[in-house]
Amino acid sequence: MAKGGNCVLPGGRVEVRVGVVDGPVPRVLAVGLDDNGRLRDGRDLVVPGADRSADGAVEVTEGSVRIDPALVDAGIARVVVAAATGRQGFAGTEVRSVVHGDGAEFIAVSSGFTAETLVRTVELYRHQGRWKLRHLGDGYADGITGLARDIGLELPPQAEPPTRAEPSRPTRAEPSAPRPQIEPMPPVRAAGSSAAAERSTPAMRVMGFVIGIAIMLFFGGIAFMSMNEDDAGVRCGTETMKADDICVTNNSARHTRDEQEDINERGDLLGFLCLVPLALVGGVIAVGSLMKDPD
């Protein structure tokens, strides 16, 4: 049977075996369509391993389709046999369909494919109350998607492959573990401190008072003595000057007795002003030692 030709089936059950020359083993399927070439019921699309069609007239096994025209529902005008190969396609191959019906045999050869991945091989169709066989030999580069588009079959959307791994999320909230109680840290002592140094004992307070009083008396006494020194004699170093003596200092400066007396008075005043603050520091230490409370 040439491509595009048709013939009248003798009647009875029909088996269509589909094979590929110089190509992959095809996956065979069959679909029943109405007068408009549309699919009425999803069960009229039959694939290997599935149940028969809704009317029980079509059964598909690996490599072949069995059709009982007497059982085909009145609303179905044609039954199309197709072969699919997935991504490999039929380019450079020859699809051969061998049709057996009531002792007769028909062969349909399809070739010249380029990018087709699904090929419609033959179809059985009603004509004036009889069933005829037609060779089709056309196909779709987009496979089952193209066939579904033509027959009005809505395919489920294909899930997009994930672009990156998403972290799994729990379906329900899990009870969280109790948080550990953090004890407050003890106070950090300054470097060089000790427990003994932090405690103020009575003996330490007394010692501090005595040291403070000693400092105050020492520097205060020196200051007082420097201001109340006998002015009957004018000192030049360790010597007492007479009325007509000349005092020669370390830098060879020469001073009369009156000039040296003025210099000595200024030195005494300066020493007093320096010693008094030191005496006051001793007093502060003494008073602070008495006022400090024990820990």
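Each residue takes its place number in the sequence, starting with 1.
What you find for Thr117 and Ala141 is that their closest heavy atoms are OG1-O, 3.2 Å. The two residues Pro69 and Gly12 make their nearest non-hydrogen contact at CD-O, 3.3 Å. Pairing each heavy atom of Phe90 with each of Phe113, the nearest pair is O-CB, 3.6 Å. Smallest separation of non-hydrogen atoms from Ser97 and Val122: CB-CG1, 4.3 Å.
Here the side chains of Val47 and Arg27 are in contact, with some heavy-atom distance below 4.5 Å. Between Asp55 and Leu71 the shortest side-chain heavy-atom distance does not fall below 4.5 Å. Between Trp131 and Val14 the shortest side-chain heavy-atom distance does not fall below 4.5 Å. Within the 4.5 Å cutoff, side-chain heavy atoms of Val98 are placed close to those of Glu105. Using a 4.5 Å heavy-atom cutoff, the side chains of His135 and Ser110 are in contact.
Taking CG of Asp138 as the start and CG of Leu118 as the end, the distance is 9.5 Å to the nearest 0.5 Å. Atom-to-atom distance recorded for Arg120:CZ and Glu116:CD is 12.0 Å, nearest 0.5 angstrom. Atom CD1 in Ile285 sits 11.5 Å away from atom CG in Leu280 (nearest 0.5 Å). Rounding to the nearest 0.5 Å gives a distance of 11.0 Å between SG of Cys7 and CZ of Arg134.
Among residues at least two apart or in separate chains, salt bridge (charged side-chain N to carboxylate O under 4.0 Å, His left out) pairs with a member in residues 146-155 are Asp142-Arg149. Listed by first and then second residue, the side chain to side chain donor-acceptor pair (under 3.5 Å) pairs that reach into residues 73-94 are Arg40-Asp73, Glu94-Arg96, sequence neighbours excluded. Applying the salt bridge (charged side-chain N to carboxylate O under 4.0 Å, His left out) rule to pairs touching residues 6-26 yields Glu15-Arg17, Glu15-Arg66, sequence neighbours excluded.
Hydrophobic clustering (side-chain heavy atoms under 4.5 Å, transitive across Ile, Leu, Val, Met, Phe, Trp, Tyr) keeps Tyr125 apart from Leu29. Note on Val18 and Val25: separate hydrophobic clusters, where clusters join Ile, Leu, Val, Met, Phe, Trp and Tyr whose side-chain heavy atoms are under 4.5 Å apart, directly or indirectly.
Between the side chain of Arg126 and the main chain of Ile76, a donor-acceptor pair closer than 3.5 Å is present. No donor-acceptor distance shorter than 3.5 angstrom exists from the side chain of Ser64 to the backbone of Val16, with no hydrogens or angles considered.
The one candidate from Asp44, Val65, Leu124, Val81 that meets the side-chain contact (heavy atoms from CB on, under 4.5 Å) condition with Val58 is Val65.
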